[in-house]
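Report on one structure; see the data block that follows.
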Amino acid sequence: MPIVQRWIRRLSPKGTSSTKRTRALVRATFALRRASRSAWFMRGRPRSMVPGGSRVKRGGPRRRRHVGGGVLSLAPMTNKGDRVRFAPSPTGYLHIGGVRTALYNWLWARKTSGVFVLRIEDTDRERSTDASVKVIFDSLKWLGLTWDEGPEVGGPNGPYFQTERTAVYAEFVDKLIARGHAYRCYCTKEELDAKRAALPPGSFFRYPGTCRHRTDHPDRPHVVRLKAPASGHTGWLDLVKGRIDVPNESQQDVVLVRADGIPLYNFGAAVDDITMGITLVARGDDHVVNTPVQLLIYEGLGYTPPKLAHLPMINGPDGKKLSKRHAAVSAGEYRDMGYLPDAVLNYLARLGWSHGDQEIFSRSELIEKFDWASVGRTPAQYDAKKFAFVLGAHLRGLDDAALAADARPFLSAELRDAADADGSRYVAAVGTVKTRATTLAEVGDMIDFYFRDTPSEDEKAVAKFLVPASAPHLQALRQVVEGVTPFTRQPLEAAIDAWLAETGLQMKNVAQPARVAMTGRSQSPGLFEVMEVLGRERTLARLDAALTRCGAT
RNA sequence: GGCCCCAUCGUCUAGCGGUUAGGACACUGGCCUCUCACGCCGGUAACUGGGGUUCAAGUCCCCAUGGGGUCACCA
């Protein structure tokens, strides 16, 4: 098949460049979205009914080296109805890596008509806060990553805060102990810390198994530990990484439940995934070390583990862990900067996942095309420039009215009043800066000059162009423009063209002074559209004001 | 250090044993043009190294190197 494709490429005329194809694809994406709101509802349909569906890659494992020998088998990619979950801990902002994890889960749930559950892993009492919980909800809602079961919406498997599920954990920990896969440990944290401290530097502590074989049950505070098997191995066929096997000797008797009865991550996650009927777990690949422990818990409890997918990390531009130092890392920051949610999702989706040569995806296309087989295994680096490109592409794909509505919250109070007072002029203004902005906040900044009584001025531009030599041109331009009716783009252009032809003047000599006169800047949308949006009165007033400046300079 | 994962342009990636190693962002030359964008045409740029397997290896295997993850009564 690849050979055939290569031949087609070879034989096809050089005329259509790939860039051209991509641009066409970008345009088609948005045209489709505009034309058909129903695209939102296509998610449940068979691929054959979906545009481009026949080009969807075949599912299945992509690396031969890992195929075969697994207990778990890769489910066919068309499998319906996975129950997936996103399980953040409310200890701060919602990290962009977490957003991507949530996104992949959400996409998969939507694609397979499955269920996306949100669970709050708040068992770290020290660090969990209600404020962080709210941040998670707000961020997810802003991105449109709505959950089917979880806090606020409820569901049959609640509660969805782990701290409210202690009864469930108590039941399951008893069961695990009864089945001989866990035991009570009476060693205190202080004792263990002392042993840890006594270790020579550079070596690593391992629980010595002190309580592993004791048969008494003193009435003392205790934790519960996993009785990890001493031999054999534990493994699974990861949906993105392929076969992973870990020798059991490398496992420790990790603590499952604290002395206060609150579970630790591994136990809480496993029990909740069991009781919530989760069939596919996708999470960051920093969790692959935890997976064998959870598998052992599943096994010890007698349950079949879910399908597992571990996503590579997102690194900063320097290849190190992405931090505030590199870029905005929380979803909230992106919202505040005026990033379009769909564009954020698009960029994040493409960071670690691909679909042929396509770069720009609408939300519904993401749902339609996402698959685990196309998730990459390599860590990705955050690239602000590419992000900006994706942002711009989505912005340009919006129609003027929609963009104007989205941008409204980012206007200054003064601007917002002006915009509300004349909605159609506001929308027209937005239309003139659409190809120039990448964020909603930028849209606000860029249309500022239309609405202020006197535009804020770029000093250098003024000094360069509003000079005595410009005065005659501006004076003449004023006369030309004054009587044009209607005061719109084409008539204005025609009138000015005629004037230029008559006088032999060059547009480029007239344009910059006029631009600075009307916008205060040396860079702006096209002059004629600026004049149209400004309207006759303001245009003339600004030319007059500039004339004075020219003389005064 | 133990265990685990990863390795194609600067970056995101395509590649499923036979390719002039493709695309995108960025960078860059040009076109369009009243500026800046948008758009259009072009260019620079990659298979970490070494062994195997094979008629043939970016693709399969092994080793090395380099990166990353993790070793808590955090998640």
Side-chain angles (χ1 to χ4, degrees), chain A residues 1-3 5-6 9-10 17-23 61-65 87-89 91 121-124 126-128 185 187-189 192-193 196 202-206 221 223-225 238 241 244-247 249-252 254-260 262 264-266 268-269 284-292 310 312-313 315 317 319-321 347 350-354 356-360 374 376-383 385-390 392 396 433-437 461 496 506-512 514-516 519 521-528:
Chain A
M1 193 49 124
I3 289 179
Q5 283 165 357
R6 270 196 293 276
R9 198 151 49 203
R10 249 180 242 184
S17 75
S18 48
T19 309
K20 202 173 193 170
R21 286 200 305 272
T22 302
R23 302 296 187 203
R62 54 195 264 156
R63 270 149 292 130
R64 277 87 48 212
R65 58 184 287 205
S89 56
T91 54
E121 306 213 329
D122 56 350
T123 53
D124 186 342
E126 316 275 285
R127 296 194 298 148
S128 297
C185 169
C187 302
T188 66
K189 194 171 181 355
L192 262 19
D193 283 346
R196 219 188 307 266
S203 52
F204 293 80
F205 181 74
R206 220 183 133 88
V223 301
V224 176
R225 287 182 183 272
D238 197 274
K241 288 176 180 290
I244 298 178
D245 262 294
V246 182
E249 307 91 84
S250 68
Q251 296 304 333
Q252 297 203 46
V254 295
V255 175
L256 263 20
V257 180
R258 294 178 174 89
D260 62 5
I262 294 183
L264 259 66
Y265 168 72
N266 278 307
D285 76 4
D286 49 338
H287 285 296
V288 325
V289 288
N290 293 315
T291 304
H310 288 93
M313 308 270 82
N315 291 327
K320 306 279 190 215
K321 196 172 217 149
Y347 176 69
R350 270 293 284 106
L351 213 51
W353 170 81
S354 63
D357 287 343
Q358 188 171 351
E359 298 288 348
I360 303 300
S374 298
R377 298 139 293 170
T378 67
Q381 283 184 36
Y382 180 92
D383 181 354
K385 290 236 177 87
K386 181 142 187 181
F387 202 163
F389 166 78
V390 174
R396 291 191 291 275
V433 301
K434 196 161 69 172
T435 60
R436 281 159 256 258
I496 291 169
Q506 298 272 302
M507 182 62 178
K508 59 183 169 190
N509 296 326
V510 181
Q512 284 307 79
R515 187 184 318 283
V516 178
T519 70
R521 314 169 195 189
S522 60
Q523 301 174 0
S524 81
L527 270 189
F528 311 119

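Convention: sequence-line order gives letters A, B, ...; per-chain numbering from 1.
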Donor-acceptor pair under 3.5 Å, [X] side chain vs [N] base:
{"X": "A/Arg436", "N": "B/C36", "answer": "yes"}
{"X": "A/Gln358", "N": "B/G23", "answer": "no"}
{"X": "A/Ser89", "N": "B/A75", "answer": "no"}
{"X": "A/Arg515", "N": "B/C34", "answer": "yes"}
{"X": "A/Asn266", "N": "B/A75", "answer": "no"}

Interatomic distance where [atom1] belongs to [X] and [atom2] belongs to [N] [whole Å]:
{"X": "A/Arg225", "N": "B/A72", "atom1": "CZ", "atom2": "C1'", "value": "10 Å"}
{"X": "A/Tyr265", "N": "B/C73", "atom1": "OH", "atom2": "P", "value": "16 Å"}
{"X": "A/Asn290", "N": "B/C4", "atom1": "CG", "atom2": "P", "value": "15 Å"}
{"X": "A/Ile244", "N": "B/C5", "atom1": "CD1", "atom2": "P", "value": "6 Å"}
{"X": "A/Lys321", "N": "B/C6", "atom1": "NZ", "atom2": "P", "value": "18 Å"}
{"X": "A/Asp286", "N": "B/A72", "atom1": "CG", "atom2": "C1'", "value": "15 Å"}
{"X": "A/Tyr347", "N": "B/C25", "atom1": "OH", "atom2": "P", "value": "13 Å"}
{"X": "A/Leu527", "N": "B/A37", "atom1": "CG", "atom2": "C1'", "value": "14 Å"}

Taking only the side-chain heavy atoms of [X] (C-beta and beyond), determine which of [options] contains the nearest atom.
{"X": "A/Ser250", "options": "B/C6, B/A75, B/C3", "answer": "B/C3"}
{"X": "A/Glu359", "options": "B/G23, B/U70, B/C74", "answer": "B/G23"}
{"X": "A/Leu351", "options": "B/C12, B/A26, B/C34", "answer": "B/C12"}
{"X": "A/Met507", "options": "B/U35, B/C5, B/C34", "answer": "B/C34"}
{"X": "A/Ser354", "options": "B/U13, B/C12, B/G69", "answer": "B/U13"}
{"X": "A/Lys241", "options": "B/C25, B/A75, B/C6", "answer": "B/C6"}

When rounded to the nearest 0.5 angstrom, what distance separates [atom1] in [X] from [atom2] in [Y]?
{"X": "A/Glu121", "Y": "A/Leu264", "atom1": "CD", "atom2": "CG", "value": "11.0 Å"}
{"X": "A/Asn290", "Y": "A/His310", "atom1": "CG", "atom2": "NE2", "value": "8.0 Å"}
{"X": "A/Asp238", "Y": "A/Asp285", "atom1": "CG", "atom2": "CG", "value": "9.0 Å"}

Would you say [X] reaches [N]'s phosphate, i.e. side-chain N/O to OP1/OP2 under 4.0 Å?
{"X": "A/Arg196", "N": "B/C73", "value": "yes"}
{"X": "A/Lys320", "N": "B/G68", "value": "yes"}
{"X": "A/Thr378", "N": "B/C6", "value": "no"}
{"X": "A/Arg377", "N": "B/G68", "value": "no"}
{"X": "A/Arg258", "N": "B/C74", "value": "yes"}

If pairing requires Watson-Crick or G-U wobble contacts with both distances under 3.5 Å, which nucleotide is the partner of [N]?
{"N": "B/G39", "result": "B/C31"}
{"N": "B/U11", "result": "B/A24"}
{"N": "B/G58", "result": "none"}
{"N": "B/C3", "result": "B/G69"}
{"N": "B/C47", "result": "none"}

Taking the [atom1] atom in each of [N] and [M], what is the distance between them to the nearest angstrom?
{"N": "B/C16", "M": "B/C47", "atom1": "C1'", "result": "16 Å"}
{"N": "B/C5", "M": "B/C9", "atom1": "P", "result": "22 Å"}
{"N": "B/A46", "M": "B/C41", "atom1": "C1'", "result": "24 Å"}
{"N": "B/U44", "M": "B/G23", "atom1": "P", "result": "11 Å"}
{"N": "B/A57", "M": "B/U48", "atom1": "C1'", "result": "16 Å"}
{"N": "B/U59", "M": "B/G51", "atom1": "P", "result": "14 Å"}
{"N": "B/G49", "M": "B/U8", "atom1": "C1'", "result": "15 Å"}

Side-chain donor/acceptor of [X] to backbone N/O of [Y], under 3.5 Å:
{"X": "A/Ser89", "Y": "A/Thr91", "value": "no"}
{"X": "A/Glu359", "Y": "A/Val390", "value": "no"}
{"X": "A/Arg206", "Y": "A/Gln251", "value": "yes"}
{"X": "A/Tyr347", "Y": "A/Asp383", "value": "yes"}

Remember a base hit wins even if backbone is also touched, and classify [X] as base, sugar-phosphate or nothing at under 4.0 Å, heavy atoms.
{"X": "A/Val223", "result": "base"}
{"X": "A/Lys189", "result": "base"}
{"X": "A/Pro525", "result": "base"}
{"X": "A/Gly526", "result": "base"}
{"X": "A/Phe528", "result": "base"}
{"X": "A/Gly392", "result": "nothing"}
{"X": "A/Glu126", "result": "nothing"}
{"X": "A/Ser203", "result": "nothing"}
{"X": "A/Ala380", "result": "sugar-phosphate"}

A/Phe204 stacking on B/C71: centroids under 5.5 Å, ring planes under 30°?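 So yes, this residue stacks on that base, both cut-offs being met.
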Indicate yes or no: at least one non-hydrogen side-chain atom of [X] is less than 4.5 angstrom from one of [Y].
{"X": "A/Asp193", "Y": "A/Phe205", "answer": "no"}
{"X": "A/Thr378", "Y": "A/Pro312", "answer": "no"}
{"X": "A/Leu351", "Y": "A/Lys386", "answer": "no"}

Nearest-nucleotide wise, let me know which of A/Val246 and A/Gly319 is further upstream toward the 5' end of RNA chain B.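 Final value for this comparison: A/Val246.
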Residue closer to the 5' end of RNA chain B, A/Thr123 versus A/Gln512 (nearest nucleotide):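 Mapping each residue to its closest nucleotide by heavy atoms, the 5'-most match is A/Gln512.
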